[in-house]
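Data block below; observations after.
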Amino acid sequence: MKTDTRSTSDLRHDPLVRGLGWASALLGVPQVVAPAGFAQALGVDDTARHRAATTAVGIRELAAATGLLGRPHPAWLWGRVGGDLMDLTMLTRALNNYNGRGLGRTVAATAAVTAITATDVYAAVTRTRRSIPMRLTAATTVTRHPDEVYDLWSDLERLPDFMAPTWW
């Protein structure tokens with residue numbers, strides 16, 4: 001099966017793809033530069049484990065931004081979808097391990113990531129097309145004299161004799 005996708009130049013000028021690229025950049029920079037503050041803004045404790053996870057997510061966001069803004073391809077969009085699912089998993093775990101602080105921020109972050117995930121899925125699906133190349137050919141050989149064939153085909157009462165009804 002052949003996968004047809006929009007060309008890189010088409011996606012480079014696609015406003016949604018560019019917007020998602022900039023969104024990744026704007027999310028990734030603070031996660032890498034100030035992971036403790038970003039984790040706290042999400043309502044998550046400032047532990048080494050949470051800072052490491054935040055930094056890793058930031059690096060992933062920056063990679064997606066580089067791909068979408070530099071050499072856009074639907075694979076980068078699908079990468080964002082996968083990243084969103086990981087983010088939702090981590091936020092759900094944070095909600096399950098709620099310690100009494102920052103619940104509202106974590107719920108808000110989960111809602112925001114859910115909306116972003118819907119946007120990413122829409123962008124990935126609508127910018128990826130799958131097609132199966134087909135070559136359709138047909139030939140009919142009629143071994144009758146043209147006058148005989150004309151007489152048969154011009155007599156509409158005999159039409160059901162040689163044409164299958166496709167509308168019945």
Side-chain angles (χ1 to χ4, degrees), residues 1-99 101-139 166-167:
M1 177 159 66
K2 178 183 172 189
T3 301
D4 290 331
T5 56
R6 291 185 185 185
S7 72
T8 299
S9 63
D10 289 346
L11 290 178
R12 185 169 288 151
H13 301 292
D14 185 315
L16 181 57
V17 172
R18 291 195 57 73
L20 291 173
W22 283 110
S24 282
L26 293 172
L27 284 170
V29 169
Q31 289 177 306
V32 171
V33 172
F38 196 90
Q40 187 178 17
L42 295 177
V44 180
D45 290 335
D46 180 22
T47 63
R49 186 179 74 191
H50 293 153
R51 284 191 306 273
T54 301
T55 301
V57 170
I59 291 169
R60 185 199 73 225
E61 289 289 354
L62 291 175
T66 301
L68 289 172
L69 296 173
R71 294 190 51 89
H73 189 274
W76 289 110
L77 295 168
W78 287 110
R80 276 187 54 92
V81 171
D84 293 340
L85 296 176
M86 291 182 345
D87 295 347
L88 286 171
T89 301
M90 288 190 285
L91 286 165
T92 300
R93 185 175 171 139
L95 288 170
N96 288 339
N97 297 326
Y98 170 63
N99 66 0
R101 295 183 311 210
L103 177 64
R105 290 189 306 259
T106 307
V107 168
T110 304
V113 171
T114 301
I116 290 169
T117 301
T119 304
D120 287 339
V121 167
Y122 170 79
V125 167
T126 58
R127 278 133 184 97
T128 304
R129 299 185 315 258
R130 295 206 181 274
S131 67
I132 300 172
M134 281 191 250
R135 186 171 172 210
L136 302 176
T137 60
T166 57
W167 46 271

Report yes if some heavy atom in the side chain of [X] is under 4.5 Å from a heavy atom in the side chain of [Y]; otherwise report no.
{"X": "Leu77", "Y": "Asp120", "result": "no"}
{"X": "Asp87", "Y": "Arg60", "result": "yes"}
{"X": "Leu95", "Y": "Leu103", "result": "yes"}
{"X": "Thr128", "Y": "Trp78", "result": "yes"}

Indicate the atoms forming the closest heavy-atom contact of [X] with [Y], along with that distance.
{"X": "Pro74", "Y": "Leu11", "result": "CD-CD1, 3.5 Å"}
{"X": "Tyr122", "Y": "Arg127", "result": "CE2-NH1, 4.1 Å"}
{"X": "Ala123", "Y": "Leu16", "result": "CB-CD2, 3.6 Å"}

Rounded distance (nearest 0.5 Å) linking atom CG of Leu85 with atom OG1 of Thr92:
10.5 Å
If you round to the nearest 0.5 Å, how far is CE of Met90 from NE2 of His50?
10.0 Å
Report the C-alpha separation of Leu68 and Arg18 in whole Å, then their side-chain angles, then the decisive distance to 0.1 Å, and conclude whether the side chain to side chain contact (heavy atoms under 4.5 Å, CB included) test is met.
CA-CA 7 Å; Leu68 289 172; Arg18 291 195 57 73; over 6 Å; no
Mind checking what makes side chain to side chain donor-acceptor pair (under 3.5 Å) contact with Thr54, not counting sequence neighbours?
none
Counting N and O atoms only, with roles assigned by atom type, does the side chain of Arg12 sit under 3.5 Å from a partner on the main chain of Gly70, one being a donor and the other an acceptor?
yes
Pairs of donor and acceptor atoms involving the side chains of residues 24-39, under 3.5 Å and at least two apart or interchain, shall be tabulated with distances.
from: Ser24; atom 1: OG; to: Leu20; atom 2: O; distance (Å): 3.4
from: Ser24; atom 1: OG; to: Glu61; atom 2: OE1; distance (Å): 2.9
from: Ser24; atom 1: OG; to: Arg80; atom 2: NH1; distance (Å): 2.2

